[in-house]
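Just so it is clear, the model here is predicted, and its values are computed rather than measured.
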Amino acid sequence: MAVRVGKQLFGLSRLKELVKMSLNKKMLQLPLHKKLGFAFAISKMKFTKVGDKLYTNTFTPFYPSLAYDRYLDGVIKTSNGIATPIITNFAVTAKCPCNCWHCSFSDRTKKDQLTLKNLKQAISEVQDMGTSIIGITGGEPLLRSDLEEIIASIDERSMPIMFTTGYNLTKERVTKLIEAGLKMVIISVDHYDAEKHDKGRGKEGMHATALKAIKLFQEQNLYTAVSFVPNKAIVSDKEELYKILDFFKDLGLNDMRLTSPILSGQLTAKLDEKLTEENVKTVQEVQEFCSKTKDYPGAFVYDYFESDKMYGCGAGFHYIFIDSSGNVCPCDFAMLGMGNIREKSITEIWGEVSKHFKAPGCKCYANVISKSIEEKNAELMPLSTADSLDIIKKHPPFDKEKLPEFYKRMKFPIEEINR
């Protein structure tokens with residue numbers, strides 16, 4: 001059994017940290033309903049202490065930090081009806097050694113067009129706009145030789161995280177990435193069985209690659225998570241699903257992102273891959289189980305957090321994605337092109353996005369629009385801005401009469417938004 005980085009907190013030790021967080025200057029200034037809204041959200045998270053840093057999940061900066069204070073600012077703004085890119089993901093390359101069954105990047109161009117200069121400028125812009133978490137993804141980001149420079153350009157206002165398969169990773173590169181400022185890594189693992197994992201990733205040896213990467217990051221005391229995309233067959237077999245969770249526990253992982261198959265990229269036209277209502281209940285149970293049970297990784301289950309039971313879908317509202325060609329999209333999975341950072345500033349593009357994504361949705365927007373995306377029959381994604389606006393008009397990103405639970409509790413001004 002691997003040695004987990006840091007220590008999970010329960011009972012009095014958790015309460016002690018919760019009190020510290022509640023005494024944060026920004027928290028103290030909030031009205032009671034917003035304090036209670038934050039308390040509701042935090043109750044769904046597992047606390048892990050790594051040195052003097054407190055981690056709650058892969059979507060929140062560690063506490064205390066400037067990035068965490070800015071995260072609070074961003075959540076307060078969005079709860080007041082002000083769209084803010086709290087989280088920004090950059091695909092720094094489209095190149096990847098894998099061909100994953102669920103890949104959302106499969107129908108985009110494989111020609112990388114963003115230079116280091118482009119990325120540094122874009123990172124500076126989103127930080128100025130309020131981003132507190134910057135995700136470095138791809139493709140496989142480790143294929144960029146200047147990856148460390150990209151990460152180093154992210155100052156303390158945002159927490160840098162990286163998504164990777166672990167491809168060609170070495171101990172020396174892990175050291176360089178951490179020295180550059182990397183604060184969290186999320187490694188793709190879909191099964192305890194190497195053959196099944198590799199088949200899903202479309203390349204032999206990727207299971208061993210991922211496990212090696214996990215060990216290398218853990219050895220350097222970095223908060224380490226996995227990205228887990230179970231197919232419908234796995235979710236339908238609870239014994240198998242929990243066997244995989246046991247495997248993650250034995251790996252000593254800190255956290256897990258459980259992403260259900262999303263109808264995007266490879267899966268745009270594959271409606272049968274979408275989880276059933278019963279499947280969704282199962283993965284939501286996983287959220288509760290992992291969050292409350294000792295030694296299992298914390299969990300961010302999309303079908304829970306992005307449902308009306310929690311935050312809902314923040315695509316284009318508190319989240320933004322920039323692909324390796326510079327296209328700005330509401331999220332990694334919603335194939336709508338809202339502009340390109342090689343032609344306009346992100347600030348200008350975000351201003352246009354915010355005219356349409358005025359509130360959080362109650363369902364995954366990529367799933368909502370997948371059929372309309374397919375009907376456009378575009379050769380490459382994302383769609384043109386004109387086609388994207390056509391789909392937004394056809395499928396409004398939020399419900400004018402319904403809010404996700406968190407935003408209800410935060411008293412989001414939906415009436416003002418609807419005027």
Side-chain angles (χ1 to χ4, degrees), residues 33-34 37-38 40-41 44 59 71 73-89 104 126 129-131 133 259-260 262-264 274 277 280 284 300-322 328-339 346 349-373 376 382-383 385-419:
H33 69 273
K34 289 199 186 296
F38 275 110
F40 165 71
K44 311 298 180 183
F59 280 86
Y71 168 80
D73 284 339
V75 175
I76 292 164
K77 284 181 180 178
T78 57
S79 71
N80 288 333
I82 303 168
T84 305
I86 299 171
I87 302 171
T88 301
N89 275 7
S104 63
V126 297
M129 291 162 62
T131 291
I133 300 173
T259 310
S260 299
I262 296 176
L263 304 180
S264 176
K274 190 177 178 182
E277 288 186 19
V280 170
Q284 290 180 346
F300 190 102
V301 174
Y302 279 69
D303 277 309
Y304 174 72
F305 278 99
E306 293 203 341
S307 73
D308 58 0
K309 294 182 179 180
M310 194 64 190
Y311 298 120
C313 179
F317 179 65
H318 61 67
Y319 184 94
I320 196 169
F321 172 69
I322 296 97
V328 178
C329 306
C331 80
D332 312 44
F333 304 98
M335 296 300 172
L336 305 179
M338 305 304 290
I346 296 184
I349 297 170
W350 179 258
E352 291 301 312
V353 172
S354 303
K355 292 177 182 178
H356 308 283
F357 293 81
K358 298 179 181 180
C362 290
K363 297 179 180 178
C364 170
Y365 193 57
N367 281 339
V368 170
I369 64 175
S370 63
K371 184 170 178 54
S372 292
I373 293 283
K376 291 292 183 180
L383 296 178
T385 301
D387 281 345
S388 298
L389 292 175
D390 181 51
I391 286 181
I392 291 170
K393 185 177 180 180
K394 183 178 179 181
H395 302 284
F398 62 96
D399 190 325
K400 293 184 177 182
E401 298 180 358
K402 186 177 181 183
L403 284 169
E405 185 61 28
F406 174 75
Y407 284 96
K408 275 193 220 171
R409 292 174 182 243
M410 297 293 276
K411 295 188 178 179
F412 183 91
I414 191 69
E415 297 83 6
E416 294 178 23
I417 298 299
N418 288 332
R419 287 175 189 165

Undergrad: Under the ring pair (Phe, Tyr, Trp, His ring centres under 6.0 Å) test, which residues partner Phe406, sequence neighbours left out?
TA: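 Phe406 satisfies ring pair (Phe, Tyr, Trp, His ring centres under 6.0 Å) with Tyr311 once adjacent residues are dropped.
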Undergrad: Looking at every heavy atom in both Met310 and Pro404, which two are closest together, and how far apart are they?
TA: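 Looking at all heavy atoms of both residues, the shortest contact is O-CB, 3.2 Å.
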Undergrad: Measure the OH-CZ distance between Tyr302 and Phe300 for me, rounded to the nearest 0.5 Å.
TA: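 Interatomic distance, Tyr302 OH to Phe300 CZ, rounded to 0.5 Å: 6.5 Å.
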Undergrad: Using the side chain to side chain contact (heavy atoms under 4.5 Å, CB included) rule, take Ser104 and Ile262 through it: C-alpha gap first, then chi angles, then the decisive distance, then the call.
TA: CA-CA 8 Å; Ser104 63; Ile262 296 176; over 6 Å; no
Undergrad: Taking side-chain contact (heavy atoms from CB on, under 4.5 Å) as the test, write out the residues that go with Lys309, two or more places apart.
TA: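 Here the qualifying residues are Gln284, Tyr304, Ser307.
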Undergrad: Mind listing the closest non-hydrogen atom pair of Ser354 and Ala83 along with its distance?
TA: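 It is OG-CB, 3.7 Å.
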Undergrad: Any side-chain heavy-atom pair from Phe412 and Ile417 closer than 4.5 angstrom?
TA: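 With C-beta onward as the side chain, the pair touches.
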Undergrad: Identify the heavy atoms of Ser79 and Pro413 that sit nearest to each other, and give their distance.
TA: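 What the structure gives for the nearest pair is O-CD, 3.4 Å.
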Undergrad: Side chain to side chain contact (heavy atoms under 4.5 Å, CB included) with Thr131: which of Thr84, Thr88, Asn89, Ile87?
TA: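 The option that passes is Thr88.
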Undergrad: Could you give all pairs that pass the salt bridge (charged side-chain N to carboxylate O under 4.0 Å, His left out) test and reach residues 401-410, with sequence neighbours left out?
TA: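 Pairs touching residues 401-410 that pass the test: Asp308-Lys402, Glu405-Lys408, Glu405-Arg409.
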Undergrad: Is the closest side-chain heavy-atom distance between Ile392 and Pro397 below 4.5 Å?
TA: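 Yes, close enough: below the 4.5 Å cut-off.
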Undergrad: Are any of the side-chain heavy atoms of Val126 and Pro85 separated by less than 4.5 Å?
TA: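 A side-chain contact under 4.5 Å is absent here.
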Undergrad: Report yes if the side chains of Glu306 and Asn367 come closer than 4.5 Å at any heavy-atom pair, otherwise no.
TA: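 No, too far: nothing below the 4.5 Å cut-off.
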Undergrad: Under the salt bridge (charged side-chain N to carboxylate O under 4.0 Å, His left out) rule, what pairs show up with a residue in residues 361-371, not counting sequence neighbours?
TA: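 Salt bridge (charged side-chain N to carboxylate O under 4.0 Å, His left out) check on residues 361-371 returns Lys371-Glu375.
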Undergrad: Rounded to the nearest 0.5 Å, what separates atom CD1 in Ile369 from atom NZ in Lys376?
TA: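 So the CD1 of Ile369 and the NZ of Lys376 are separated by 11.0 Å.
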Undergrad: Roughly how far apart are Ile373 CD1 and Ser264 OG, rounded to 0.5 Å?
TA: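 The CD1 atom of Ile373 sits 8.0 Å away from the OG atom of Ser264.
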Undergrad: For the residue pair Cys329 and Ile320, what are the closest heavy atoms and their distance?
TA: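 Heavy atoms of Cys329 and Ile320 come nearest at O-CG1, 3.6 Å.
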Undergrad: Using every non-hydrogen atom in the two residues, find where Ile82 and Phe317 come nearest and quote the distance to one decimal.
TA: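 In terms of heavy atoms, the two residues are closest at C-CE1, 4.3 Å.
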Undergrad: Nearest 0.5 Å, what's the OG1-OH distance between Thr78 and Tyr407?
TA: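 Nearest 0.5 Å value for the OG1-OH distance: 3.5 Å.
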Undergrad: How many angstroms lie between atom NE2 of His395 and atom OG of Ser370, to the nearest 0.5 angstrom?
TA: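 It comes to 8.5 Å.
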Undergrad: Taking the six-membered ring for Trp, are Tyr365 and Phe357 closer than 6.0 Å centroid to centroid?
TA: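 So the answer is yes for these two rings.
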Undergrad: One pair to check against side chain to side chain contact (heavy atoms under 4.5 Å, CB included): Ile86 and Lys77. What are the steps and the verdict?
TA: CA-CA 10 Å; Ile86 299 171; Lys77 284 181 180 178; over 6 Å; no
Undergrad: With sequence neighbours excluded, give me every salt bridge (charged side-chain N to carboxylate O under 4.0 Å, His left out) pair touching residues 352-362.
TA: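 Applying salt bridge (charged side-chain N to carboxylate O under 4.0 Å, His left out) to every pair that reaches into residues 352-362, excluding sequence neighbours, yields Glu352-Lys355.
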Undergrad: Specify the closest pair of heavy atoms between Ala334 and Ala366, including all atoms of both residues, with the distance to one decimal.
TA: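 Heavy atoms only, the tightest pair is N-CB, 3.9 Å.
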Undergrad: Residues in side-chain contact (heavy atoms from CB on, under 4.5 Å) with Asn80, at least two apart?
TA: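 Listed in chain order: Lys34, Ile76.
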Undergrad: Determine whether Met338 and Trp350 make a side-chain contact, defined as any pair of heavy atoms from C-beta on separated by less than 4.5 Å.
TA: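 Sidechains of Trp350 and Met338: no contact.
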Undergrad: How long is the span from the OH atom in Tyr319 to the CG atom in Asp332, to the nearest 0.5 Å?
TA: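 Between atom OH of Tyr319 and atom CG of Asp332 there are 3.5 Å.
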